[in-house]
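Structure record follows, encoded as structure tokens.
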Amino acid sequence: MEYNYGNLIRVERLRKNMKQSVLARGICSISYLSKIENNQTSASEEVLELLFERLEIEVPLYHDFSYQSEKVITEIREILKEAILTRKDRDKQEQVKKYMNHPTVKQSKSVYMTLMVTLARFGVMPGGDSKYVTEVGWIEDQLSADDRIRYYTVKALQYFQENEKELSYKLIEEVTNKLPHSGIPDWEAADIRYITGALYFRFTDNIQALENLQASLKYFQENFCLERMIECHMLIGLTYKRRKRYADALSYNQKALKVANATDLRNYYGMLYNNIGEIYSLLGEQDKALTYFMESFEYKVDIRSKLFSVLSLVEVNAKQENEQGVLDWLETGHELMQQHEAVEEFNQHFNIYWNHFKDKNSQKLMESLKSAVTYFEDHDEYVYAKKYALWLAKELRENGKYKQATDYYEKVISIMSQAE
């Protein structure tokens, strides 16, 4: 068994924000401690005891727990597998955290690495603790080739959430290249392909997104992972919608809805009805779109999610030139906004429609459109940035401001280029 003492010391020291000089003082030299942490030497039990005492952790130095290693690894991996395939992950995270105090974890490098990488994966799930992604980074040099793929996957997600998009894209490319040659099991490879597919979608790399998502969907279908099937169908549908292949987009969302209906997975109804409504709106079938958006609003619970449905309803009513319908839904939207803090994007949207349909003030409308173009361009929301820039260009032209109108037509082209 390969002992884990060096990694354990390094991570615990960094968790306590302790310098090597502080930990080593009176015990060993800083250079010797560095070699211990990097697994370049095997320290004596006396030195290890003193280091663990200063770190205030108990580690079994005098018992061999190697016979339990494979059993603990299997248990941890099975908990992760069930969480990933069923999406029932909240209680599973707590189950895995309990292994932090297991003596085998502290003693065995393979068990410790399995636990840390597993906690990092849970760390990017809803309600997860992202600190574990950072902590795995402290011992990245000790990861196996397969664990490095796992780490790069969650790190790419973290980078994307932190708006470090170039770093995120670089990592998912590396994951994509290395995954086919790895020993990662099929169930986990399907999950990694879903994550990379979702990130490629966010990067508007539609071909890579579809390739990874289709591969992921194949596994989830063959193994009846219902929630994951729905998610893949929805994301593939969104990718086809972006490519203006609306028939394919509608087909995949309807497949997802069929699975949700058959299994009564009602928590997906709000998103699915909204997606289908958007496709019908793009196809020019506004009455159908309106019906699906109304259904979407009724099923959603989360305030921000309901606000997206309100926005869709405002847009459909605007296309139908139903002024009262627009104003009624704007009122609903403003009431919902009082119940949530992060609503600036909806302020931007709703101000435009309010100025156009309620105040009917051309100057205020153009000011709100300018504000929205800047806001959505800054937040890389190119669809809305383009939409409002084009609307503003037309308003400026109708008001005789031809030079400014030309500037915004050029901005539309620039935004389209950025999106690509």
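Residues passing the ring-ring contact (aromatic ring centres under 6.0 Å, His included) test with Phe220, sequence neighbours excluded: none. For Asp380, the salt bridge (Lys or Arg N to Asp or Glu O under 4.0 Å) partners two or more places apart in sequence, or in a different chain, are Lys165. For the salt bridge (Lys or Arg N to Asp or Glu O under 4.0 Å) test, residues two or more places apart in sequence or in another chain that qualify with Glu135 are Arg15.
Here Asp191 pairs with Arg121 in a salt bridge; the nearest charged N to carboxylate O distance falls below 4.0 Å. Ion pair Asp407/Lys411 not flagged as a salt bridge, since none of the NZ, NE, NH1 or NH2 atoms sits closer than 4.0 Å to an Asp/Glu carboxylate oxygen. Contact check on Arg87 versus Glu82 returns no salt bridge, with no Lys/Arg side-chain nitrogen under 4.0 Å from an Asp/Glu carboxylate oxygen. Salt bridge annotation for Lys218-Glu222: present, with a cationic side-chain nitrogen under 4.0 angstrom from a carboxylate oxygen.
Within 6.0 Å of the CD atom in Glu166, the count of heavy atoms belonging to other residues, nucleotides or ligands does not exceed 12. Within 6.0 Å of CD on Glu341 lie no more than 12 heavy atoms contributed by other residues, nucleotides or ligands. Within a 6.0 Å sphere centred on CZ of Arg202, other residues, nucleotides and ligands contribute 12 heavy atoms or fewer. When the shell of 6.0 Å around CD of Glu56 is examined, it contains 12 or fewer heavy atoms from other residues, nucleotides or ligands. Lys35 NZ: 12 or fewer foreign heavy atoms inside a 6.0 Å radius. Atom CG of Asp302 has more than 12 neighbouring heavy atoms from other residues, nucleotides or ligands inside a 6.0 Å radius.
Between Ile352 and Gln348 there is no side-chain heavy-atom pair separated by less than 4.5 Å. Put simply, the side chain of Phe376 does not reach to within 4.5 Å of the side chain of Val383, judged on heavy atoms.
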Apply the test side chain to side chain contact (heavy atoms under 4.5 Å, CB included) to residues Asn317 and Gln320: give CA-CA distance (whole Å), side-chain angles for both, the deciding distance (0.1 Å), then the verdict. CA-CA 5 Å; Asn317 278 282; Gln320 293 181 319; 4.3 Å; yes

Does the pair Phe357 and Tyr353 meet the rule for a side chain to side chain contact (heavy atoms under 4.5 Å, CB included), with working shown? CA-CA 6 Å; Phe357 285 95; Tyr353 289 98; 3.8 Å; yes

Go through Asn38 and Arg10 one step at a time and tell me if the side chain to side chain donor-acceptor pair (under 3.5 Å) criterion holds. CA-CA 8 Å; Asn38 289 303; Arg10 188 196 310 184; 3.0 Å; yes

Pair Lys155, Gln158 - check side chain to side chain donor-acceptor pair (under 3.5 Å), show working. CA-CA 5 Å; Lys155 189 63 181 177; Gln158 189 180 68; 2.8 Å; yes

Please step through side chain to side chain contact (heavy atoms under 4.5 Å, CB included) for the pair Glu12 and Met18, ending with a clear verdict. CA-CA 9 Å; Glu12 289 298 328; Met18 185 186 294; over 6 Å; no

Show your reasoning for whether side chain to side chain contact (heavy atoms under 4.5 Å, CB included) applies to Tyr375 and Glu381. CA-CA 9 Å; Tyr375 176 86; Glu381 293 285 348; over 6 Å; no

Full working for salt bridge (charged side-chain N to carboxylate O under 4.0 Å, His left out) between Arg150 and Asp146: CA-CA 6 Å; Arg150 295 176 174 111; Asp146 286 355; 5.0 Å; no

Can you list the steps and then say if Glu174 with Arg148 is a salt bridge (charged side-chain N to carboxylate O under 4.0 Å, His left out)? CA-CA 10 Å; Glu174 192 152 353; Arg148 190 168 282 110; over 6 Å; no

What verdict does the salt bridge (charged side-chain N to carboxylate O under 4.0 Å, His left out) test give for Glu395 and Lys401, after you've listed the backbone C-alpha separation in whole Å, the side-chain angles of each residue and the deciding distance to 0.1 Å? CA-CA 9 Å; Glu395 290 293 326; Lys401 299 180 180 181; over 6 Å; no

Criterion salt bridge (charged side-chain N to carboxylate O under 4.0 Å, His left out) on Glu75 and Lys71, from CA distance to verdict: CA-CA 6 Å; Glu75 289 172 358; Lys71 177 177 179 290; 2.5 Å; yes

Test side chain to side chain donor-acceptor pair (under 3.5 Å) applied to Ser309 and Ser296, step by step: CA-CA 6 Å; Ser309 289; Ser296 171; 2.7 Å; yes

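Aromatic ring centres of Phe297 and Tyr273: separated by at least 6.0 Å.
Arg266 forms no cation-pi arrangement with Tyr299, by the criterion of a distance under 6.0 Å to the ring centre and an angle within 45° of the ring axis.
Partner of Arg397 under the side chain to side chain donor-acceptor pair (under 3.5 Å) criterion, chosen from Tyr408, Tyr409, Tyr402: Tyr409. For the side chain to side chain contact (heavy atoms under 4.5 Å, CB included) test with Ile279, the passing option among Lys241, Lys288, Glu285 is Lys241; the others fail.
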Could you list the donor-acceptor pairs under 3.5 angstrom formed by side chains in residues 251-258, with sequence neighbours left out?
from: Tyr252; atom 1: OH; to: Gln214; atom 2: NE2; distance (Å): 3.1
from: Asn253; atom 1: OD1; to: Asn275; atom 2: ND2; distance (Å): 3.3
from: Asn253; atom 1: ND2; to: Ala249; atom 2: O; distance (Å): 3.0

Pairs of donor and acceptor atoms involving the side chains of residues 359-368, under 3.5 Å and at least two apart or interchain, shall be tabulated with distances.
from: Lys360; atom 1: NZ; to: Glu323; atom 2: OE1; distance (Å): 3.1
from: Asn361; atom 1: OD1; to: Gln363; atom 2: N; distance (Å): 3.0
from: Asn361; atom 1: OD1; to: Lys364; atom 2: N; distance (Å): 2.9
from: Ser362; atom 1: OG; to: Asn399; atom 2: OD1; distance (Å): 3.4
from: Ser362; atom 1: OG; to: Asn399; atom 2: ND2; distance (Å): 3.2
from: Ser368; atom 1: OG; to: Asn355; atom 2: ND2; distance (Å): 3.3
from: Ser368; atom 1: OG; to: Lys364; atom 2: O; distance (Å): 3.2
from: Ser368; atom 1: OG; to: Leu365; atom 2: O; distance (Å): 2.7

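A donor-acceptor contact closer than 3.5 angstrom links the side chains of Asn39 and Gln142. Counting only N and O atoms by type, the side chains of Glu37 and Gln20 include a donor and acceptor under 3.5 Å apart. Tyr200 and Thr176 share a side-chain donor-acceptor pair at under 3.5 Å.
Of all non-hydrogen atoms in Gly127 and Gln93, the two that sit nearest each other are O-OE1, 3.9 Å. The shortest non-hydrogen separation linking Ser110 to Thr114 is O-OG1, 2.8 Å.
Judged by distance alone, the side chain of Asn223 and the main-chain N or O of Cys225 form no donor-acceptor pair under 3.5 Å. A distance-only check finds a donor-acceptor pair linking the side chain of His340 to the backbone of Ala342 [under 3.5 Å]. Here the side chain of Arg54 pairs a donor or acceptor atom with the backbone of Leu23 at under 3.5 angstrom. At distances below 3.5 Å, at least one donor-acceptor pair connects side-chain atoms of Lys16 with backbone N or O atoms of Leu55. Judged purely by atom type and a 3.5 angstrom limit, Thr332 uses its side chain to pair as donor or acceptor with the backbone of Asp328.
Each ring-ring contact (aromatic ring centres under 6.0 Å, His included) pair with one or both residues in residues 95-151, not counting sequence neighbours, would appear here, but there are none.
Below 30°, between 30° and 60°, or above 60°: for Phe346 and His349 the angle between ring planes is between 30° and 60°, a tilted geometry. Under the 30°/60° scheme for interplanar angles, the aromatic rings of Trp391 and Tyr388 are found to be tilted.
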